[in-house]
Amino acid sequence: MDTFREEVQNEIDRFLQDASQRRHTFPPMDQGSIDVVLEVANDAGLKSYIFGQGQVETYVLVWKRQFAPTDEEIAAEEAKGGKSTPAPPPKKVRGGRRLLYGAIGGTITAGVLLVGAPVVLGAVGFASTGIAAGSFAASMMSAAAVANGGGVAAGSAVAVLQSVGAAGFSAATVAGGTVAGASVGAALGGRKDEKD
């Protein structure tokens, strides 16, 4: 069907570029093909009608928006091709959920990084004033110091957690995390769109 869609797109592009044409008739086709023609025509901003609905030879006629058909033109075409039906409204835009889920994922991730992580780290003892005595963080620091011969290594888990507990995440970390969360949300939204 992708090849057919490309053919329809090319045919509509040629029609739009030809200033001498006000309307274009597609040959009779099955309902699946008609749906493709209507979708591509709608995307191009064309006014579409289906003629011969329910008959053997059903076809689509499209007009440029500035040359929308008059009632007389529709009646004349119906006399040749049978009952007409204005093209139904376009189907919902695919990818809408992807955008929504991406925004939700990014917002949740930013919230966790900006608010949730510092709160949790503070609760376990990585406070803005330093590591709280007698806390889980103090136990971690003690174990890290013993393992490293008396000091806490720069870049170790304890050092990083204390840095975040004291100052929060950097803007770059929050931005990167937000993008990652938005990407995951968009991927989940895209999977939901494919199921619909």
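Keep in mind it's a predicted model, so treat the numbers as computed, not measured.
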- Message: I need the N42 CG to E39 CD distance, nearest 0.5 Å.
- Response: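 Atom-to-atom, N42:CG and E39:CD are 8.0 Å apart.
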- Query: In terms of side-chain heavy atoms, does D13 have a donor or acceptor partner in Q9 at a distance below 3.5 Å?
  - Reply: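 The answer is yes; a qualifying pair exists.
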- Sequence neighbours excluded, which residues qualify as side chain to side chain contact (heavy atoms under 4.5 Å, CB included) partners of D18?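 Partners of D18 by the side chain to side chain contact (heavy atoms under 4.5 Å, CB included) criterion, ordered by chain and then number, come out as S20, Q21.
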- Task: Taking the side chain as every heavy atom from C-beta outward, state whether I74 and P69 have any pair of such atoms under 4.5 Å apart.
- Result: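 I74 reaches P69 side chain to side chain.
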- Message: I'd like to check V60 versus T25 (side-chain heavy atoms, cut-off strictly below 4.5 Å). Are they in contact?
- Response: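 No, too far: nothing below the 4.5 Å cut-off.
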- Item | Criterion side-chain contact (heavy atoms from CB on, under 4.5 Å) on L61 and H24, from CA distance to verdict | CA-CA 6 Å; L61 187 55; H24 180 73; 5.8 Å; no
- Please lay out, stage by stage, how F26 and I50 fare under the test side-chain contact (heavy atoms from CB on, under 4.5 Å). CA-CA 10 Å; F26 284 89; I50 305 166; over 6 Å; no
- Message: Evaluate F4 against M29 for side-chain contact (heavy atoms from CB on, under 4.5 Å), listing each step before the verdict.
- Response: CA-CA 12 Å; F4 179 70; M29 57 186 71; 4.2 Å; yes
- Task: Give me the ring orientation class for Y59 and F51: parallel if the planes are under 30° apart, tilted from 30 to 60°, perpendicular past 60°.
- Result: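 Parallel.
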- Between S48 and L38, what is the shortest heavy-atom contact and its length?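 For S48 versus L38, the nearest heavy atoms are CB-CD2, 3.7 Å.
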- Task: Identify the two heavy atoms, one from I131 and one from S135, that lie closest to each other, and give their separation to 0.1 Å.
- Result: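 For I131 and S135, the tightest heavy-atom pair comes out as CG2-OG, 4.3 Å.
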- Query: Do other residues, nucleotides or ligands put more than 12 heavy atoms under 6.0 Å from M141 CE?
  - Reply: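 Atom CE in M141 is not crowded, with 12 or fewer foreign heavy atoms closer than 6.0 Å.
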- Query: Looking only at atom types and distance, does a side-chain atom of E73 sit under 3.5 Å from a main-chain N or O of T70, one as donor and one as acceptor?
  - Reply: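 Yes: the side chain of E73 pairs with the backbone of T70.
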- Residue of the set D35, V62, I12 for which side chain to side chain contact (heavy atoms under 4.5 Å, CB included) holds with V40: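 For V40, the side chain to side chain contact (heavy atoms under 4.5 Å, CB included) test succeeds with only one of D35, V62, I12, which is I12.
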- Message: Quick one, K47 with Y49, criterion side-chain contact (heavy atoms from CB on, under 4.5 Å). Give me CA distance, side-chain angles, the key distance, then yes/no.
- Response: CA-CA 7 Å; K47 185 76 173 164; Y49 278 80; 4.1 Å; yes
- Item | Pairs touching residues 135-155 that satisfy ring pair (Phe, Tyr, Trp, His ring centres under 6.0 Å), sequence neighbours left out |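 Found none.
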